[in-house]
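Reckoned from all heavy atoms, side chains included, excluding hydrogens, waters and symmetry mates. Fair warning: this is a prediction, and the values are worked out from it, not measured in the lab.
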Amino acid sequence: MTDISHLLEHLRTQAKGCRALGSPFTASLCQAMADDLETGGPTSNIIADWPTGPRKDALAMRLCGALHHAVLSGDAPDLAEAYPEDRSDWSIDEVWPLAQSYLSSEVETVRSFIGSPPQTNETRRSIALLPGFLEIAARFDMPLNILELGASVGLNQNWDKFTYQTESWERSGDSDVIVDTDWRGAPPDNIKQSIQVTERAACDQNPLDIHDPKQATQLRSYIWADQPDRLARFDAAVKLAQECRVRVDKQDAAVWLKKKLLERPPNTTTIIFHSVFLQYPPKETIQEIIRTIETAGSAATSDAPLAWLCFEPEGLFGGPRSSPVMLTRLKTWPGGEIKLLARSDGHATFVESVQG
């Protein structure tokens, strides 16, 4: 008999995480799939033989994305009528039988969909990175050359054009994208710092094409259906990315970064940045990326400084591996100074400003 205990643990842990991040619908959906898996329902036919680690693969989010995609694409009209996007009085008791029926009748469609890793391209994370961008711009007072790793479709390439709003501070941008959060602590330093980005580049192993409506729908399907603010922010960010003709190179991050760092221009500050990316590549790739950054940093000069800005789990920086806490961390060269700028959760629903 196939051991499914690790799959059940993953789905139920994800349910708790979704509830903590303000998505009771997705939490209920993950719990229903776990119960269905345990009793041998259609979920079992789809994932019982999943060959790799479900947590690292974000398997629950793949499954939720498959159902949301069926709703958005029109493939499951009955399910769409019961989903939170069409009604605020949703009930999992109404949704799940329809979802279960879809999973039962569309096994191969769902299997095909969950074969691709989910990409949320969460634009809210940019508010956790913003203190680092502002500090870099103020410290070096040069135009910026930005290099993003694991960029999905590149929505955060336009971070400098977003409007940021909190109860204690605001920074206006030249777009319809509004990023808000529960900001705790002092406002970012250099909040009025002007930004000049002269070059933007990004890579991803499997970037979706934001200019293709079908692929844009796939990306949207990974956003939790009962979070209208995230969906609206996504729609605005997609529109901006299309207007700016954002492009993401399809390439391994370690290979791409090495090439880009060799080409970095003088009299420009090069910023390597990423968010919720570094825990996913193989260990050897992570080590190679870090070596490449450190090597380039050791050769940085005052005429061509380098900055490494990231928003990643604290477990990558010596904290507990199971911790849900995300850290905004900045390292700059020449000098190699490291600063911890903020703590948050995976969706940046709050940001706690810190110094150190």
Side-chain angles (χ1 to χ4, degrees), residues 1-19 21-55 57-120 208 212-228 230-231 234-235:
M1 184 175 180
T2 303
D3 180 12
I4 59 170
S5 60
H6 62 304
L7 297 172
L8 292 170
E9 180 184 10
H10 166 63
L11 289 168
R12 288 167 177 160
T13 299
Q14 184 65 61
K16 293 177 183 178
C18 292
R19 199 171 299 280
L21 288 170
S23 181
F25 172 76
T26 313
S28 298
L29 195 57
C30 288
Q31 183 61 54
M33 289 190 292
D35 295 344
D36 187 61
L37 171 65
E38 190 170 36
T39 56
T43 306
S44 177
N45 295 334
I46 293 169
I47 67 166
D49 59 350
W50 191 259
T52 50
R55 181 176 181 275
D57 293 341
L59 179 57
M61 295 301 92
R62 297 185 192 215
L63 284 167
C64 291
L67 290 171
H68 197 189
H69 187 266
V71 166
L72 295 174
S73 64
D75 290 345
D78 292 343
L79 182 60
E81 290 181 5
Y83 247 57
E85 280 168 290
D86 275 1
R87 52 190 296 183
S88 58
D89 62 339
W90 61 268
S91 166
I92 196 64
D93 291 335
E94 181 179 353
V95 170
W96 178 245
L98 297 169
Q100 189 181 44
S101 176
Y102 179 81
L103 294 174
S104 178
S105 62
E106 301 295 337
V107 171
E108 292 309 314
T109 298
V110 175
R111 278 182 173 271
S112 176
F113 186 93
I114 68 173
S116 298
Q119 299 187 34
T120 54
L208 298 176
D212 181 338
K214 289 184 178 180
Q215 294 188 53
T217 297
Q218 180 179 342
L219 186 66
R220 197 176 195 271
S221 69
Y222 294 118
I223 300 175
W224 299 340
D226 59 340
Q227 296 192 324
R230 287 181 68 203
L231 290 162
F234 170 83
D235 291 341

* Tell me, with the steps shown, if Arg12 and Asp35 meet side-chain contact (heavy atoms from CB on, under 4.5 Å). => CA-CA 9 Å; Arg12 288 167 177 160; Asp35 295 344; 3.3 Å; yes
So, the side chain of [X] versus the backbone of [Y]: is there a donor-acceptor pair under 3.5 Å, distance only?
X      : Y      : answer
Ser221 : Gln218 : yes
Arg111 : Asn45  : yes
Gln227 : Gly22  : yes
His68  : Ile223 : yes
Ser28  : Pro24  : yes
Arg220 : Phe234 : no
Ser112 : Glu108 : no

* Asked: Does Arg55 CZ have over 12 foreign heavy atoms under 6.0 Å away?
  -> no
* To do: Specify whether Phe113 and Tyr222 have parallel, tilted or perpendicular ring planes, treating 30° as the upper limit for parallel and 60° as the lower limit for perpendicular.
  => tilted
* **Residue among Ile47, Thr52, Leu11 satisfying side-chain contact (heavy atoms from CB on, under 4.5 Å) with Leu59** => Ile47
* To do: Would you please test His10 and Trp50 for side-chain contact (heavy atoms from CB on, under 4.5 Å) and show each step?
  => CA-CA 12 Å; His10 166 63; Trp50 191 259; over 6 Å; no
* Run the numbers on Gln14 and Met33 for side-chain contact (heavy atoms from CB on, under 4.5 Å), then give the verdict. => CA-CA 11 Å; Gln14 184 65 61; Met33 289 190 292; over 6 Å; no
* Full working for side-chain contact (heavy atoms from CB on, under 4.5 Å) between Cys18 and Met61 -> CA-CA 10 Å; Cys18 292; Met61 295 301 92; 4.0 Å; yes
* Compare all side-chain heavy atoms of Tyr102 with those of Asp78 and state whether any distance is below 4.5 angstrom. => no
* Asked: Is there a donor-acceptor contact under 3.5 Å linking the side chains of Asp36 and Trp96?
  -> no
